[in-house]
Amino acid sequence: MENISRKELQIINSHSNWSKEELETVLRDNVYNDAPAWQKFLRIFFLGLGASFMAAGIIFFFAYNWKDLHKFTKLGMVEVMIVTLIIVALIFKISMLVKQIIISAASILTGVLFAVFGQIYHTGANAYDFFLGWTVFVALWVLVTDFAPLWLVFLVLVNATFVLYWEQVSLGWPWPFACLLLLLINTGALLLFNLVPKLTGFLNAPWWLTQPIALAAVFFATSGLCYGLFEEQVISSIVLLIITAVLYTIAIKQSLQQKHIFYLVIVPFSIIIIICALLIKLSKGSEFLIVIAAFIIVSITLGTRKIISLQKKWANE
Amino acid sequence: MSKKKDIRNIMFQLASRYGNAPTFDEEAIVSEYEKKNADDTGMLIKLVTIFGAILAAIALLFFMGITNLYNSAAALLIFGTGFIAGSVWLNAFEDGLTLVTASITGYMVGITLFCFGLEKMGLTTSMICTWIIAISITSFFITRSYLFSFISVILICGSFLGILMDHKTYDLVYFYISIITILLTFVFVEEPGILRANKLVSMRYEPIRSGLMAALIFGLVIAGVKGIVPISPDQKWVAFIPTMAAIIYLIYRASAIFSIATTGSRWLIYIIALVPLALTVSAPAISGSLLILFLSFYANYKTGLIIGILSLVYFTCQYYYDLNFTLLTKSCFLFISGIIFVLLYLFINKKWNDEKI
């Protein structure tokens, strides 16, 4: 039987003579989750909660900074935990999902290990060093495990490392330049998740991994360009503008080819925000605000109508 | 395959699969289906529309600030009423996309100007909130747009919270959470009944569900995040009990899916559910998030599922951050809780694997 969505059932229901019980049966058979789905959900729910709480408990334990422990004991405990987790993942016959969760926990503990090291030896390392070390040392596990939540954590670490590098170490790099590099990093990740599965069957990234990365890329592009407009950082802003324009064009083309609306929504919205920033910059007084309000309303209305007409066209093809 | 043929095919499959030969008004269904498809916006576009409307409303309000409109209560009330009436009128006859951004902007600007006008006349916050409730209820029943109905539900619930804050009856927030919890559970679990009920309500089922969920999250934030309002921790059980009852009722409904016949097995499931719930008795925000998660999974509502997961992570982190114990004590609580969850996983995994054999 063809898949029936809730929306279709609601439409049919409003013009039918179904009783409440009949509609409940139809919803249960076609929309609501069945027993296998519940079993999978509850397994993931309890295992995920268990792993997260245990990892958090360990992190809190080390954050307590238990002064009585010798420094080698502190480091040794974390290292033993990491080694134990990896051995369990490699040797025992457990499901792939459990192995991936175990290696994710080991990746989090790597960060704990670096934090304890920094705390013991008062290395004076700024946060950038800590995040860089953590990122580098889990990179291989992330690649091998091919676990989407771990990829997300890894990319957050990469972005955090870079932002902290800009803040603490870079010699006065303008924010638009930093945003350009962050845009390229996140776009590179997106390219990886798009091309590698087609070539190797590896790195299958779900939408909840690729869309936050795309949102981060668009956020940095928008932020950098708006900042560059107001702080008048011309060279870096122009370079960022050119590269953003190229990437946005590619994103729109890909959306049109794949008949997917995500980039068709976030890219125009980013452009609207940038144009609003430009209008605010060019305006001489607050009277221009009504023009900005009108621009936002008209552009979103026109943009939304265009997207809906595209969706209608794709549905009929 | 055209959409017209698809929906007819679906109707044929439903009629042949389910006995009692239901009657369908085919032409009305096809016509409504084509219209809804034409105007289907999806959650992403709705979010962009709301965000854009908020930005435009802020710009308009700033512009009105420089025209000295805010100095006159009468002008504020006249313009506010005009914006509200115009926006509602635009959406009264259809729920399509035409001018939806403009009408939502106009509605938000109108509500803001109306509130400023009432405040300038010397009305208290509670009286202003009462006016907002009245306007929102009227707008809810007149307009047909999803976003308008959603905003109306948010304004009604938010105004009730506003009245509580104005009277400084902060502990009543727990009662607010209890009432919204019961309403939300009813809306999710009784979806078939609501959809077969009065057309005025069934047409607005989805914005009611989303609006109540957002209203519950607001309440949980106030109760769960320290420092927002001076709320007493002694009354947390007021919010916890309905949440626990709702989860147990949901388990009772879900047990039909597993075809659990024996009373012993049912009681075992209730005990398994009560173990994690018992850990949240002093954190109604966490049990509230769990309820949202389970309700959304029960009804296969993906947006609610994401909201449930995010709120569960946030409120759990917030709770443990705010706990007035040493880090060592907190780490013990967390580790022991983690072990309990892993044991529960092993137990249910073994039970279901044994059942397969």
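Letters A, B, ... mirror the listed sequences (proteins, then strands); counts begin at 1. In this text, all values refer to a predicted model and were calculated from it rather than measured experimentally. Both backbone and side-chain heavy atoms feed into the values below; hydrogens, waters and symmetry mates do not.
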Decide yes or no for A:Ile266 and B:Val48: does some side-chain heavy atom of the first lie under 4.5 Å from some side-chain heavy atom of the second? no
For the CG atom of A:Leu47 and the CG atom of B:Asn349, what is their distance to the nearest 0.5 Å? 9.0 Å
Compare all side-chain heavy atoms of B:Val342 with those of A:Met54 and state whether any distance is below 4.5 angstrom. yes
Closest non-hydrogen atom pair between B:Ala56 and A:Ala293, with its separation: O-CB, 3.6 Å
Chain B interface, residue from A:Ile296, A:Ile272, A:Ile44, A:Leu9 that has the most non-hydrogen pairs under 4.5 Å: A:Ile296
Residues B:Phe63, A:Phe288; criterion side-chain contact (heavy atoms from CB on, under 4.5 Å); working and verdict: CA-CA 8 Å; B:Phe63 170 73; A:Phe288 221 63; over 6 Å; no
Could you check whether any side-chain N or O of A:Asn13 sits under 3.5 Å from a backbone N or O of B:Leu195, counting only pairs where one atom can act as donor and the other as acceptor? yes
Can any side-chain N or O of A:Arg43 pair as donor or acceptor with the backbone N or O of B:Tyr345 at less than 3.5 Å? no
For atom NZ of A:Lys281, decide whether the heavy atoms of other residues, nucleotides or ligands shown that lie under 6.0 angstrom number more than 12. yes
Atom group of A:Ala55 that falls short of 4.5 Å from chain B, counting heavy atoms: neither
Please flag which part of A:Thr25 lies under 4.5 Å from any non-hydrogen atom of chain B: side chain, backbone, both or neither. both
Need one label for B:Ser202: side chain, backbone, both or neither, based on atoms under 4.5 Å from any heavy atom in chain A. neither
Hey, could you give me the OG1/CD1 distance between B:Thr105 and A:Ile297, rounded to the nearest 0.5 Å? 4.0 Å
Does A:Arg6 come within less than 4.0 Å of B:Glu206, counting only side-chain N to carboxylate O? no
Within a 6.0 Å radius of atom CZ on A:Phe230, are there more than 12 heavy atoms belonging to other residues, nucleotides or ligands? yes
Between B:Ile54 and chain A, which part of the residue has a heavy atom less than 4.5 Å away: side chain, backbone, both or neither? neither
Between B:Tyr298 and A:Tyr32, does the ring centre distance come in under 6.0 Å? yes
B:Ser331 and A:Gly57: which non-hydrogen atoms are nearest, and at how many Å? CB-O, 3.0 Å
Heavy-atom cut-off 4.5 Å, strictly under: side chain, backbone, both or neither for B:Phe333 against chain A? neither
Could you have a look at A:Ile292, A:Ile280, A:Val291, A:Asp29 and say which one has the most heavy-atom pairs with chain B under 4.5 angstrom? A:Asp29
Taking every heavy atom of B:Ala254 against every heavy atom of A:Trp38, the minimum-distance pair comes out as CB-CZ2, 4.3 Å
Given A:Phe41 and B:Leu293, is the side-chain contact (heavy atoms from CB on, under 4.5 Å) satisfied, shown in steps? CA-CA 11 Å; A:Phe41 169 71; B:Leu293 184 67; 4.1 Å; yes
Mutual orientation of the aromatic rings belonging to B:Tyr320 and A:Phe60 [parallel < 30°, tilted 30-60°, perpendicular > 60°]: perpendicular
Name the region of B:Leu61, side chain, backbone, both or neither, that has any atom closer than 4.5 Å to a heavy atom of chain A. neither
Take A:Ile261 and B:Ile45, measure what side-chain contact (heavy atoms from CB on, under 4.5 Å) needs, and give me the verdict at the end. CA-CA 9 Å; A:Ile261 65 159; B:Ile45 296 179; 4.1 Å; yes
Could you point out which residue of B:Thr316, B:Ile340, B:Ile336 forms a side chain to side chain contact (heavy atoms under 4.5 Å, CB included) with A:Phe53? B:Thr316
Below 4.5 Å, heavy atoms only, C-beta onward: do A:Ser14 and B:Arg196 meet side chain to side chain? no
Using the rule side chain to side chain contact (heavy atoms under 4.5 Å, CB included), only one of A:Leu27, A:Val31, A:Leu23 pairs with B:Glu191; which is it? A:Leu27
Output yes when a side-chain donor or acceptor of A:Asn33 lies under 3.5 Å from a complementary backbone atom of B:Phe297, and no otherwise. yes
Most contact-rich option vs chain B, by heavy-atom pairs under 4.5 angstrom, among A:Val265, A:Ile290, A:Asp34, is A:Ile290
When the 4.5 angstrom heavy-atom criterion is applied to A:Ile307 and chain B, the contacting part is side chain
Interchain contact, A:Leu264 with chain B, by part (heavy-atom threshold 4.5 Å): neither
Could you tell me whether the side chain of B:Phe341 reaches within less than 4.5 Å of the side chain of A:Phe45, counting heavy atoms only? no
Is it the case that atom CZ in A:Phe219 sees more than 12 heavy atoms from other parts of the structure closer than 6.0 Å? no
What do the steps show when you test A:Glu24 against B:Arg253 for salt bridge (charged side-chain N to carboxylate O under 4.0 Å, His left out), and what is the final call? CA-CA 12 Å; A:Glu24 187 165 357; B:Arg253 293 288 292 243; 3.0 Å; yes
Within-4.5 Å side-chain heavy-atom neighbours: A:Lys20 and B:Glu190: yes
To check you understand the geometry: which heavy-atom pair defines the closest contact between A:Leu289 and B:Phe62, and what is its length? CD1-CB, 3.3 Å
